[in-house]
Number of protein chains: 2
Amino acid sequence: MMLAMAVRLKDIARDLGVSVVTVSKVLRGNSDIGEETRKRVLKRMKELNYQPNMLARGLASGKTYTVGLVVPDLVHPFFAEFAKSLSGVLRKSHRAVILASSEEDPEIERQEIRTLLRRGIDVLLIASCQPNLRNFYELGDERTPYLLFDRNFPHLAAHFVGSNDLMVGEMATNHLIGIGRKRIGHIAGRNTSPSYDRLRGFRDAMAEHRLPVPEDYVVVCDHMEERGDKTGYEAMQKLLALKERPDAVFCYNDMTAIGAIAATTAAGLRVPEDIAIIGCGNMPYNDYLKVPLSSIDHGTAELGRIAGELALELTSHPEQPPKNILVPPTLVVRASTLPR
Amino acid sequence: MMLAMAVRLKDIARDLGVSVVTVSKVLRGNSDIGEETRKRVLKRMKELNYQPNMLARGLASGKTYTVGLVVPDLVHPFFAEFAKSLSGVLRKSHRAVILASSEEDPEIERQEIRTLLRRGIDVLLIASCQPNLRNFYELGDERTPYLLFDRNFPHLAAHFVGSNDLMVGEMATNHLIGIGRKRIGHIAGRNTSPSYDRLRGFRDAMAEHRLPVPEDYVVVCDHMEERGDKTGYEAMQKLLALKERPDAVFCYNDMTAIGAIAATTAAGLRVPEDIAIIGCGNMPYNDYLKVPLSSIDHGTAELGRIAGELALELTSHPEQPPKNILVPPTLVVRASTLPR
DNA sequence: TTGAAAGCGCTAACAC
DNA sequence: GTGTTAGCGCTTTCAA
């Protein structure tokens, strides 16, 4: 088989007796080209199956048609689905996604951001695992626009796309109150805006119904994402050990809730009769669990779509005031929070 | 705040009164540079936080330090975990991953392969959703080495990394036989090498124990990945409708098995007492299901690691005879296949 | 040990 | 409409 070297604009120009610039203009749909020339060029391009070299184009034009994506953990269904939805949007606009996983490690995140910038991405999307803003100073020095998702930094004037986590907390809590529970606990995350906001939503809803939240009814944990079931199990044990234990618990995410349910049944109690439990994320397997798990769905695919569209907009109009897009969540009720 | 333009080799060269070439050599650790010069250059690079422009480097050298990854569905935990593990390996070697999702659509896959090649990746990793070899002809024309994973094409002399799916089928089936089952069915996939191989393993194991496999005991399905639970549910209904229904079923993957269990219990039968069911993939939530699900674990993280290492090797030695690396699976027993 | 020259494949600005 | 010139930031080759 003939192994053809990659075809270049130069080859087409030579074949047709025109200049490289003319060919380049046709390629980019530039209008100041004669109809006849355009046809000949396009024909030859097709014949040779010409594929533009994006490195060269990027170097010359400063636009790479590439988007950088940094997630804390690709295995977490939320980030996987977000990435999938995002890449679908970008594919339609002929953008590629360079993927980086920070493994919830700020130092790796920092390194990955650097690597991405070196590659000349047009825009960066990041769900940062930083507890502070350090990694963003580096970004501040660049002209590359960026967009936060899932995890916000209110003090950073940056674009953000995420679920409305205040509503998540309120919605979950109001649902538990609505099925007649009064002693409601919360297994919370740490150091991320969804953690803060869901907790705040929880407190707001409780306050509104004049229900007390004893200090030890809120268990704050690390590692909600990676081994959430273990985290949830241990957190729930603390709640069960309280003198007056809760009759309902709102868990930061579904895996934590699964662990919490396991701890509850291991202690000889029933879900939802003794303790109702709700999670967040609405994982596809929630229906098939030992106790089908109620959850707050934050519309992951839509988040990915919106983030993709905003990212595209930023590539053409980088200098615009920060947008803050919050997608409202929805409640999905299953057996784990059925009324008594 | 000072917004610095990106630092270039030229800037460092000017500051130090040396040539760009000298700086470039220091950057790449070239040995023919004086110790004194090297130190000065490195110092200045650090001071200015120099980051090489990978586009320019790629264009000039032909090496991009970038790997292309094409998966059929990023949301499937197997591909998500594979991608995570792979990107971990590549990060340590300062390679980036460009991610493309084919959505199980051969035409999208074809487009994505083209896009990746335009970007000058050093090596391509792909779990192809093609039923045939069409998309690979394009690859054959290029000098970019590529490596198949998860899904093999035996007639294509290409590198492959995957689980030993023949063993997967045998292991699952032997386990079901080992707990005393004799009428064993299989819910199978279509058009992919894991489907063929698991089916073959199933048949081999049955034949070895002189157990019959009636034709309608093998239900071949599409869409095992995306909505596997629905697929499994419907396939299981067919098996349940048989005059002599199976007393055990080996399902292509865990989601299918979950659907199969749902269909079984919906029909008023018990798992595992009436029908034992085993899946494949060993998803993290298998422990928490209504019926904890036995499964074959194919060591996804290790597959990703191995694929990453082979990919790196291919970037330095592209022309080597195709390797075929099969990782042996392991059996994980849970309640869904406990002996009566 | 260092650097000048050439070029990777493309685009931007401007002349014709 | 089309082409010329210049250059993106880096590497490669080869001469000094």
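Just so we're on the same page: letters track the sequence lines, and every chain starts at 1. Everything numeric in this text was worked out from a predicted model, so none of it was measured.
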Can you name the salt bridge (charged side-chain N to carboxylate O under 4.0 Å, His left out) partners of [X], sequence neighbours left out?
X: B:Arg151; result: B:Glu104, B:Glu225
X: A:Asp122; result: none
X: A:Glu81; result: none
X: A:Glu47; result: A:Lys43, A:Arg44

Atom-to-atom span, CZ of A:Arg14 to P of C:dG9 - whole angstrom: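 One finds 12 Å between P of C:dG9 and CZ of A:Arg14, rounded.
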For A:Leu48 and C:dG9, what is the distance between atoms CG and P respectively, to the nearest whole Å?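 Going from CG in A:Leu48 over to P in C:dG9 covers 15 Å.
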I'd like to check the side-chain hydrogen bond (donor to acceptor under 3.5 Å, both in side chains) partners of B:Lys10; sequence neighbours left out, ordered by chain and number.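 Result, side-chain hydrogen bond (donor to acceptor under 3.5 Å, both in side chains) vs B:Lys10: none returned.
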Just jot down the side-chain hydrogen bond (donor to acceptor under 3.5 Å, both in side chains) partners of B:Asn53, sequence neighbours excluded, or say none.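 With neighbours one apart ignored, the set is empty.
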With B for base contact, S for sugar-phosphate-only contact and - for none (protein heavy atoms under 4.0 Å), nucleotides 9-16 of chain D reads BBBB----
Charged N to carboxylate O below 4.0 Å: is that the case for A:Arg91 and B:Glu107?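 Salt bridge: no.
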Considering residues at least two apart in sequence or located in another chain, which fulfil the side-chain contact (heavy atoms from CB on, under 4.5 Å) criterion with A:Ser24?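 For A:Ser24 the side-chain contact (heavy atoms from CB on, under 4.5 Å) partners, ignoring immediate neighbours, are A:Leu9, A:Arg28.
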Have a look at the helix from C:dT1-D:dA16 to C:dC16-D:dG1 and give the angle its two end axes make, five pairs each, rounded to 10 degrees.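 Result, rounded to 10 degrees: 40°.
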How would you list, by chain and number, every residue that makes a ring-ring contact (aromatic ring centres under 6.0 Å, His included) with A:His76, sequence neighbours excluded?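 So A:His76 forms a ring-ring contact (aromatic ring centres under 6.0 Å, His included) with A:Phe79.
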Where along residues 35-45 of chain A does a heavy atom fall under 4.0 Å from DNA chain D?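 Output list: A:Thr37.
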Going by the salt bridge (charged side-chain N to carboxylate O under 4.0 Å, His left out) test, which pairs reach into residues 54-69 of chain B, not counting sequence neighbours?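 Qualifying pairs, neighbours excluded: none.
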